[in-house]
Protein chains: 2
Amino acid sequence: MGVSLRDVAQLAGVSVKTVSNVVNGYAHVSAATRTKVEQALSQLGYQPNLSARNLRLGRTGVIALALPELDAPYFAELSRSIIKVAAEHRWLVIIEQTDGSLAREREVLDGVRDHRVDGLIFSPIAIGADELAARTDDTSLVLLGERIYDGPADHVAIDNVRAARDITEHLIGLGRRRVAALGVQDSSVSGTAPLRLAGYREAMAAHGLPESTAEVERYHRAEGASAMARLLRSPSPPDAVFCFNDLLALGAMRTVLAVGLRVPEDIALAGLDDIEDGRYSTPTLTTVAPDKAQLARMAVDLLKLRIDGRSDRPPREVRADYRLMVRESTVGRAPTGERPS
Amino acid sequence: MGVSLRDVAQLAGVSVKTVSNVVNGYAHVSAATRTKVEQALSQLGYQPNLSARNLRLGRTGVIALALPELDAPYFAELSRSIIKVAAEHRWLVIIEQTDGSLAREREVLDGVRDHRVDGLIFSPIAIGADELAARTDDTSLVLLGERIYDGPADHVAIDNVRAARDITEHLIGLGRRRVAALGVQDSSVSGTAPLRLAGYREAMAAHGLPESTAEVERYHRAEGASAMARLLRSPSPPDAVFCFNDLLALGAMRTVLAVGLRVPEDIALAGLDDIEDGRYSTPTLTTVAPDKAQLARMAVDLLKLRIDGRSDRPPREVRADYRLMVRESTVGRAPTGERPS
DNA sequence: CCACCTGTTTACAACGTTGGAACAACGTTG
DNA sequence: CAACGTTGTTCCAACGTTGTAAACAGGTGG
């Protein structure tokens, strides 16, 4: 094993506790002993055994981040930010992937009780709001996504309904009339799809335009591509499509371009997430850009509050900002500026 | 705090060790006590405190994965696989981001000694091979990337020289003569860039073609775009470019298309990594596809061997397979099949 | 010279777990 | 029936750390 406090104490000729005091910067240690101990410390290359410290203190300094899949760019980018912000609190981050499976989501939610992590940031897909609300475990929890029902956890998200309405309005404002929504999901699945659909509907209704939707199971490029193909085969194909995330939009763009249609001249496309791919696709992708750094900071800070503070506070719901990023996929070359939201 | 063995023992009317025996499936426990204990176990909802177990056993069941940045798709995809394979060994994965900074890489390499993780899978960029070799810590370590000098760690990688040669040969085989290499890096930085450059040179030399290179600092889309712009401004612009990774290639593609040139008619583009973006870009991206699932499995399995077995074995270097994925960015529409390598 | 501070150091216990030794109960064997 | 093995259970110690309380020095003030 490694070097323990005992080894250092022995070498320095002091008690174990004194070494511990030096390590932890306790005030009342004489200069003489301090230097003596510090010398022994560095001579042996002491490194605290955090397993032991954790056992003693009941804190691990590790949090878990549970999300559907790490290789979806949105989650990769968000994870990056969360790890960065967590590091500011000297936290390490364990990443768990649920693949959107109910069983895995339950496992993760339950596994948190093994005292390996101090808290959990969780982006649920399959698990029901009621099941979340019924959670008995008191490990700190912050959810990514808007609050559906009441529950014991804090929530962090953008205003999905408003964002969806904004981007749909943008499409309508371009003069498009057959605006489709791509990314609708079975409503039994909780999550953001129904919210984005609601925003789309509000905008369409406000202009008296007919709705048109395409369902998908998962938010991947492949599904965006096939759903777009279905829309193209429909009796009245759309002249604009709001895809519920950027991956769907990029898949849809592939299909549109592959059949020889032009974006945005024939079909305008917009997404949501502002993943980096969309800034380099041809054409570049108009999208809603959630402030991911802010989301990350909010999530970590809320978790910090839960972990440090009393857990009896009422759960909070905080909203992150977003911006509309107008790019070539809706307005063509010579892009206009980006307007904040 | 949570429920401890003591609580369960008290309820079941047995000793703490007996409960521990039941929990750990120890053989010699009478059926009567076993059921009694199991009932108490589930009644209280016991969950082992892994901090304590770790302290006792000296194993945490957690490994660390250190890589430059999680939001580079290649690393996101690889991380996904590594987390999945690690889960088969009941390991959790902590992800650390180094941003390619030397200081961060040292921190990570050093931080592993705090007994929080059983081992480390590390994708270094900045740190020198000599420094790695001089490591004294005996925590198990597996490196992602080819071995440069000798060192105490196992290595996992594809054969970068051969892969680079293969893809360059593919470009030459299309009849291109002004084939450029995009992604050259200052050789002080260790890593794969020099290997890929070597493979490119071998192929060009074999055909007596003149070399042409563009340097970048980091392997991002933005740098691919600007490096491509530089190549276009040169006296004899290339008719094909081998980009050292897919992100660079996608950035380069953006630049080529944005100035009104066609891919692949005017300039053929190829990358390396086979990230998902390249399968949906327009045109789709020809690339080298490392077998990421295999890479992940090799890395985790090697780490497992190190952790379980004696660490005195000589370090091993294993090579993962790769395939050449020929897509539209080099051969245009009506894609040919993909040939294995 | 004693009581009483102040500052520094130490002994002890505890966090929850598991390996090993010890022990008890039981049946088997010579 | 004594000696012995087998099976089931308990007791004790230890992993390395830190909080608490107590011990110890060295002054000060009465």
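The chains referred to below are lettered A, B, ... by the order of the sequence lines, with proteins before strands, and numbering in each begins at 1. Note: hydrogens, waters and symmetry copies are ignored here, and every other heavy atom, side chains too, is used.
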Original post:
What integer distance in Å separates B:Tyr46:OH from C:dT18:C1'?
Top reply: 10 Å
Restricting to nitrogen or oxygen on both sides, can you table the protein-nucleotides 5-9 of chain C pairs closer than 3.5 Å?
residue, atom, partner, partner atom, Å
C:dT8, OP2, A:His28, ND1, 3.3
C:dT9, OP1, A:Ser30, OG, 2.9
C:dT9, OP1, A:Thr33, OG1, 2.7
C:dT9, OP2, A:Ser30, N, 3.0
C:dT9, OP2, A:Thr33, OG1, 3.1

Subject >> Protein-nucleotide distance (B:Asp7, atom CG; C:dC15, atom C1'), rounded to Å >> reply: 13 Å
**OP:** Using a 3.5 Å limit on both pairing distances, list the dot-bracket string of DNA chain C from the 5' end; Watson-Crick and G-U wobble pairs count, crossing pairs take [ ], interstrand pairs take |.
**Re:** ||||||||||||||||||||||||||||||
Original post:
Can you pull the ring-ring contact (aromatic ring centres under 6.0 Å, His included) pairs that have at least one residue in residues 50-106 of chain B, sequence neighbours excluded?
Top reply: B:His89-B:Trp91
Original post:
What pairs with A:Val108 under side-chain contact (heavy atoms from CB on, under 4.5 Å), at least two apart in sequence or on another chain?
Top reply: A:Ala66, A:Glu96, A:Thr98, A:Arg104, A:Leu120
Subject >> Qualifying residues under side-chain hydrogen bond (donor to acceptor under 3.5 Å, both in side chains), relative to B:Asn160, sequence neighbours excluded >> reply: B:Glu146, B:Arg196
Just the atom pairs and distances: protein N or O near nucleotides 23-25 of chain D's N or O, under 3.5 Å.
none

Original post:
What distance do B:Leu65 atom CG and B:Leu78 atom CG have between them, rounded to the nearest 0.5 Å?
Top reply: 7.0 Å
Subject >> Residues in side-chain contact (heavy atoms from CB on, under 4.5 Å) contact with B:Asp154, at least two apart in sequence or another chain >> reply: B:Val142, B:Leu302, B:Arg306, B:Pro315, B:Arg316
Original post:
Of all residues at least two apart in sequence or in a different chain, which pass the side-chain hydrogen bond (donor to acceptor under 3.5 Å, both in side chains) check with A:Thr139?
Top reply: A:Asp137
Subject >> Results of side-chain hydrogen bond (donor to acceptor under 3.5 Å, both in side chains) for B:Thr33 - residues two or more places apart only >> reply: B:Ser30
Original post:
Got a sec, which residues hit side-chain contact (heavy atoms from CB on, under 4.5 Å) with B:Leu11, two or more places apart in sequence or on another chain?
Top reply: B:Ala40, B:Gln43, B:Leu44
Original post:
Can you name the residues that form a side-chain contact (heavy atoms from CB on, under 4.5 Å) with A:Val16, not counting sequence neighbours?
Top reply: A:Leu5, A:Arg6, A:Ala9
**OP:** State which residues pass side-chain hydrogen bond (donor to acceptor under 3.5 Å, both in side chains) with A:Gln10; sequence neighbours excluded, sorted by chain then number.
**Re:** none
